Peer 1: 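Dropping a structure here in structure tokens format, bear with me for questions.
From a predicted model like this one, the values you see are computed outputs, not experimental measurements.
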Amino acid sequence: DEPTNHLDMQSVDALADAIETYEGGVVIISHDSRLLSRVCEDEERSEVWIVDDGQLETYDGDFEDYRDELVKEIGEELDEDEDK
């Protein structure tokens, strides 16, 4: 849970390298986009799970796709708020 809270960028990269070479399973709970982008870029080896409103769903795409979708949704919500 939030493995990068007190790490500098070089340490985050070292953690991502270690996770990428690890052959077992890892569950990462984080808001650190740098780490998630690194370890979730290979859709063959990773899955992005979204927890929202008490529900868990598997996202069909990599972390960058998910982040792009969120940015678009937030932009649309901001546009709607400006129209009010």
Peer 1: NZ/Lys72 to CD/Glu69 distance, rounded to the nearest 0.5 angstrom?
Peer 2: 8.0 Å

Peer 1: Hey, could you give me the OG/NE2 distance between Ser11 and His6, rounded to the nearest 0.5 Å?
Peer 2: 12.5 Å

Peer 1: Between Ile74 and Val51, is there shared hydrophobic-cluster membership here, with clusters defined by ILVMFWY side-chain heavy atoms closer than 4.5 Å?
Peer 2: no

Peer 1: Let me confirm one number: the CD1-CZ distance from Ile28 to Phe63, rounded to the nearest 0.5 Å.
Peer 2: 11.0 Å

Peer 1: Hey, could you give me the CG/CG distance between Leu15 and Asp32, rounded to the nearest 0.5 Å?
Peer 2: 9.0 Å

Peer 1: Say whether, by atom type as modelled, one donor and one acceptor occur between the side chain of Asp53 and the main chain of Gln55 under 3.5 angstrom.
Peer 2: no

Peer 1: Is there a chain of hydrophobic side chains (I, L, V, M, F, W, Y, each step under 4.5 Å between heavy atoms) that links Val26 to Trp49?
Peer 2: no

Peer 1: Walk me through it: do Asp17 and Arg38 pass the test side-chain contact (heavy atoms from CB on, under 4.5 Å)?
Peer 2: CA-CA 8 Å; Asp17 290 342; Arg38 286 275 316 271; 2.3 Å; yes

Peer 1: Inspect the surroundings of CG in Asp60 and state if more than 12 heavy atoms from other residues, nucleotides or ligands are less than 6.0 Å away.
Peer 2: no

Peer 1: Quick one: pull up CG in Leu70 and CG in Asp65 and give me the separation to the nearest 0.5 Å.
Peer 2: 11.5 Å

Peer 1: Closest heavy-atom contact between Gly61 and Val48?
Peer 2: O-CG2, 4.0 Å

Peer 1: Quick one: do Tyr22 and Val12 end up in the same hydrophobic cluster if we chain Ile, Leu, Val, Met, Phe, Trp and Tyr together by side-chain heavy atoms under 4.5 Å apart?
Peer 2: yes

Peer 1: Is the backbone of Ala18 close enough, under 3.5 Å, to the side chain of Thr21 for a donor and an acceptor to pair up by distance?
Peer 2: yes

Peer 1: Under a 4.0 Å threshold between the charged nitrogen and the carboxylate oxygen, would Arg67 count as salt-bridged to Glu64?
Peer 2: yes

Peer 1: To the nearest 0.5 angstrom, please state how far the CG atom of Asp62 sits from the SG atom of Cys40.
Peer 2: 8.5 Å

Peer 1: For the side chain of Arg45 and the backbone of Glu20, is there at least one donor-acceptor N/O pair under 3.5 Å apart?
Peer 2: yes

Peer 1: Does a donor on one side chain sit under 3.5 Å from an acceptor on the other, for Glu47 and Tyr59?
Peer 2: no

